[in-house]
Amino acid sequence: MLSYRHAFHAGNHADVLKHAVQAFILESLCAKDKGYSYIDTHSGAGGYALSHEWTQKKAEYAGGIARLWNEPKKWPQLAGYFDAIHAMNSSESLENYPGSPLVAAHFQRPQDRLTLMELHHNEVELLRQNLGRDGVAIHHRDGFEGLVGLLPPTPKRGLVLIDPPYELKEDYRRVADTLKKAHKRWPIGIYAIWYPLLAKAVDRSEGLKTALANLGFEQALCAELSVQAQADDFGMHGSGMIVLNPPWKLDEKLAELLPALSQALAQDNQAGFTLEWLK
Ligand SMILES: C[S@@+](CC[C@H](N)C(=O)[O-])C[C@H]1O[C@@H](n2cnc3c(N)ncnc32)[C@H](O)[C@@H]1O
């Protein structure tokens, strides 16, 4: 039973980290004329109206993208990410926010191929409404199984984004198992994996990092952003992105971005970031 709906969280601090990293990687892929493949294993609805009652319930975007939006000059390195958001808004005001599929669609050129997977039947219907077009394949299926079946993709260079809800503990194991199989089929792909930083009693991020560092990929870069102190029992205080086979200079771009981003998104004085090579 799938209960997670991303509309409740659209544009929050975790989306900012995830989509900023996604945009950096897509910019690198666009630096060459040759086409690339983009595969999203857990796509969600594709894009979100911030006025929707689900998004308004906790208005998480207020502690996320809304903190950056009014000062675009402060974030020159995020111009590509900001452009993807602008593409969904007719004025300067922030009314809509792109999910990872619409961020990818913003960068897509005619020679690039997008494959979007989503298991929830309502979400996939919204995804079809938001992204049904030439050059975009939408699959209503399990993204872990689907990914292995799609590899190696054509074009043969590209990015896979893996962004499960982690409401089921088995998602952590499935991420690692899937990437083990993916490494056998497409070892040169770039893989970006999002994960939450949770309260001490329930956090599983260290195990995930260790598992992904030992899969055989040549390099593993890990960026974490926490916006508040870690609680003991429950709650998410931040999130991380692991990038396997990161593009050239992604580490430098993140080293420049993360100090300012962690300050801008801080909710208390325990906010901070880490950037490390796991491998
Ligand atoms: C965190 S959201 C995705 C957000 C999206 N990547 C973005 O950045 O805009 C996770 C999505 O995964 C979907 N989902 C959960 N389990 C899945 C599975 N096994 N395969 C594919 N999609 C799944 C959920 O329905 C939900 O829409």
Side-chain angles (χ1 to χ4, degrees), residues 1-26 38-50 52 54-55 58 60-61 64-65 81 84-85 87-88 96-108 114-131 136-151 159-179 181-182 191-198 208 223 225 236 238-243:
M1 162 81 176
L2 293 170
S3 56
Y4 183 95
R5 304 300 293 268
H6 196 66
F8 287 99
H9 311 289
N12 70 1
H13 58 82
D15 265 5
V16 172
L17 174 67
K18 173 179 43 182
H19 298 149
V21 172
Q22 181 194 5
F24 280 158
I25 298 171
L26 291 169
Y38 171 83
I39 302 175
D40 208 321
T41 59
H42 296 71
S43 297
Y48 305 91
L50 297 178
H52 191 284
W54 291 356
T55 310
K58 289 196 179 161
E60 292 186 16
Y61 65 91
I65 186 58
Y81 168 51
I85 305 171
M88 280 196 78
N96 300 294
Y97 183 78
S100 51
L102 275 167
V103 172
H106 175 71
F107 287 93
Q108 185 184 20
L114 269 53
T115 304
L116 310 173
M117 290 179 274
E118 169 58 46
L119 194 55
H120 194 293
H121 63 280
N122 291 338
E123 294 292 88
V124 83
E125 197 42 52
L126 293 169
L127 189 62
R128 286 193 180 111
Q129 287 168 24
N130 285 324
L131 281 122
V136 181
I138 297 177
H139 300 257
H140 182 195
R141 69 180 298 187
D142 181 288
F144 294 117
E145 287 174 12
L147 175 63
V148 177
L150 287 167
L151 300 183
L159 167 65
V160 174
L161 178 68
I162 302 182
D163 181 24
Y166 297 98
E167 284 188 328
L168 303 172
K169 274 195 215 147
E170 67 177 32
D171 276 351
Y172 292 90
R173 180 187 53 74
R174 293 194 79 195
V175 169
D177 287 353
T178 302
L179 283 164
K181 293 177 192 159
Y191 298 85
I193 301 97
W194 180 88
Y195 59 93
L197 297 175
L198 300 176
L208 183 70
L225 187 76
M236 181 174 104
S239 68
M241 285 289 276
I242 296 171
V243 184

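Index from 1, following the sequence. Note that ligands are numbered from 1 as they come in the structure, with each ligand's atoms numbered from 1 the same way.
Scanning for ring-ring contact (aromatic ring centres under 6.0 Å, His included) contacts around His52 gives Trp54, with sequence neighbours left out.
Look at Arg174 and Asp171 and you find no salt bridge, because none of the NZ, NE, NH1 or NH2 atoms lies under 4.0 Å from a carboxylate O.
Rounded to the nearest 0.5 Å, atoms CG (Leu50) and CD (Glu60) are 11.5 Å apart. Atom OH of Tyr191 is separated from atom OG1 of Thr41 by 11.5 Å, given to the nearest 0.5 angstrom.
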Ligand-protein N/O pairs under 3.5 Å (ligand 1):
| unit_1 | atom_1 | unit_2 | atom_2 | d |
| --- | --- | --- | --- | --- |
| ligand 1 | 6 (N) | His42 | O | 2.8 |
| ligand 1 | 6 (N) | Ser100 | OG | 2.8 |
| ligand 1 | 6 (N) | Asp163 | OD2 | 2.7 |
| ligand 1 | 8 (O) | Lys18 | NZ | 2.9 |
| ligand 1 | 8 (O) | His19 | NE2 | 2.9 |
| ligand 1 | 8 (O) | Ser100 | N | 3.4 |
| ligand 1 | 8 (O) | Ser100 | OG | 3.2 |
| ligand 1 | 8 (O) | Asp163 | OD2 | 3.3 |
| ligand 1 | 9 (O) | Ser100 | N | 2.9 |
| ligand 1 | 19 (N) | Asp142 | OD2 | 3.2 |
| ligand 1 | 20 (N) | Gly143 | N | 2.8 |
| ligand 1 | 22 (N) | Leu119 | N | 3.3 |
| ligand 1 | 25 (O) | Glu118 | OE2 | 2.6 |
| ligand 1 | 27 (O) | Glu118 | OE1 | 2.9 |
| ligand 1 | 27 (O) | Glu118 | OE2 | 3.3 |

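In this structure, Tyr97 and Tyr81 have perpendicular ring planes: the angle between them is above 60°, well past the 30° mark.
Side-chain contact of Tyr38 with Gln22: a donor-acceptor pair under 3.5 Å is present, judged by distance alone.
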